[in-house]
Amino acid sequence: MVNRRRGVLIVGLAVVAAVASIALADVIFVYTGTINVKPMTTAPLVFSTGPNAGPTNTNAEPYINFTGGYGGFTATLVITNSSAVYYYQAGELTVNTAGYIYVSSVTTSYTATTAPVQSMTIYIQNTSGSTVCTFQVISGGSPTTTPSSSCSLGTGTYYISIYVSPNLPVTSSSTETVTVNFGYNVVTSASVPAPT
């Protein structure tokens, strides 16, 4: 009788194990996607040094250097004990394909309480000097919320100006790195955050 119960128990456990393995089996569906990558001969945006920045303008070079290319730009700014510094037409932006520019993300190397930069605004201006786009990237020493609203750009040449309000007093250790990532949507005005 005990052997019979043990036998039924063993058979029962075997059935449960078989059912459990079926219930826990993975079912995988496989699909294939083919991605073809090819170069674009004309970039939608090209950044370069503007008329009022080094290294091209040697008078401005001690205060601002602005270099650019197809992937973006690098600006080195000098701040001093003043309420603000305005770097007018520091960069040049050539728009080869009409679209919508926006700020995708902003990071800084400081916290708000110790940041050398209190506020920073980037302006995109047409060749007449009129502002087309305004992006405040730092406010109260902290990066602003992103992505920002987009701004429409037609084909042509634009200038990039930067307005900075420093936290006073400015000291010899007042250095900060601000990284601004721009998005450029050539389809719609939607500001789509870039994946990280």
Side-chain angles (χ1 to χ4, degrees), residues 37-80 84-110 115-117 119-139 143-144 146-166 174-187 189-196:
V37 178
K38 62 181 186 177
M40 182 180 218
T41 56
T42 304
L45 300 178
V46 179
F47 295 89
S48 58
T49 306
N52 296 325
T56 306
N57 186 327
T58 56
N59 291 330
E61 191 169 19
Y63 310 103
I64 180 165
N65 268 291
F66 189 106
T67 55
Y70 296 100
F73 66 86
T74 299
T76 302
L77 315 174
V78 175
I79 58 174
T80 187
V85 186
Y86 185 44
Y87 305 94
Y88 180 66
Q89 294 185 349
E92 188 172 303
L93 175 61
T94 303
V95 177
N96 295 314
T97 305
Y100 301 87
I101 192 169
Y102 57 94
V103 173
S104 178
S105 66
V106 182
T107 57
T108 178
S109 59
Y110 272 82
V117 175
S119 68
M120 179 182 288
T121 305
I122 298 174
Y123 299 96
I124 299 177
Q125 298 155 328
N126 61 23
T127 53
S128 302
S130 299
T131 298
V132 178
C133 306
T134 303
F135 300 111
Q136 184 162 16
V137 294
I138 294 181
S139 178
T144 55
T146 51
S148 69
S149 297
S150 65
C151 174
S152 176
L153 293 178
T155 58
T157 300
Y158 297 86
Y159 293 109
I160 298 171
S161 298
I162 304 170
Y163 183 88
V164 176
S165 294
S174 296
T175 59
E176 182 174 6
T177 300
V178 179
T179 303
V180 181
N181 290 312
F182 292 93
Y184 192 63
N185 193 334
V186 296
V187 179
S189 62
S191 300
V192 181
T196 55

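Checked by atom type and distance alone, the side chain of Q136 pairs as donor or acceptor with a backbone atom of I138 at under 3.5 Å. Formation of a donor-acceptor pair under 3.5 Å by the N185 side chain with backbone atoms of Y100 is not found in this model. The main-chain N or O of S189 is found under 3.5 Å from a side-chain atom of S150 such that the two form a donor-acceptor pair.
Qualifying ring pair (Phe, Tyr, Trp, His ring centres under 6.0 Å) partners for F182, counting only residues two or more places apart in sequence or in other chains: none. With sequence neighbours excluded, the residues that form a side chain to side chain contact (heavy atoms under 4.5 Å, CB included) with T94 are V46, E92, N96. Residues meeting the ring pair (Phe, Tyr, Trp, His ring centres under 6.0 Å) test with F66, sequence neighbours left out: F73. Take T97 and apply the side chain to side chain contact (heavy atoms under 4.5 Å, CB included) test, not counting sequence neighbours, and it matches P44, V186.
Screening residues 175-184 for side chain to side chain donor-acceptor pair (under 3.5 Å), with sequence neighbours left out, gives S105-N181, T108-E176.
When every heavy atom of S104 is checked against every heavy atom of V192, the shortest pair comes out as OG-O, 4.3 Å. Nearest heavy-atom pair across C133 and L153 is SG-CD2, 3.9 Å. The minimum heavy-atom distance between Y88 and G129, with the atom names listed, is OH-CA, 3.9 Å. Of all heavy-atom pairs between P147 and S191, the closest is CG-O, 3.8 Å. Closest non-hydrogen pair, N52 versus N57, comes out as CA-ND2, 4.0 Å. The heavy-atom pair separating C151 from F135 by the smallest distance is CB-CZ, 4.1 Å.
For the pair T49/P55, a side-chain contact is recorded, criterion being any heavy-atom separation below 4.5 Å from C-beta on.
Atom OH in Y87 sits 7.0 Å away from atom CD1 in I79 (nearest 0.5 Å). Atoms OH and OG1, from Y123 and T134 in turn, are 6.0 Å apart once rounded to the nearest 0.5 Å.
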Worksheet item: Could you go step by step and tell me if I101 and V95 meet the side chain to side chain contact (heavy atoms under 4.5 Å, CB included) rule?
Response: CA-CA 10 Å; I101 192 169; V95 177; over 6 Å; no
Check: residues 157-166 side-chain donor-acceptor pairs under 3.5 Å, at least two apart:
| residue | atom | partner | partner atom | Å |
| --- | --- | --- | --- | --- |
| Y158 | OH | G154 | N | 3.1 |
| Y158 | OH | G154 | O | 3.0 |
| S161 | OG | Q89 | N | 2.8 |
| S161 | OG | Q125 | OE1 | 2.6 |
| S165 | OG | S119 | OG | 3.4 |

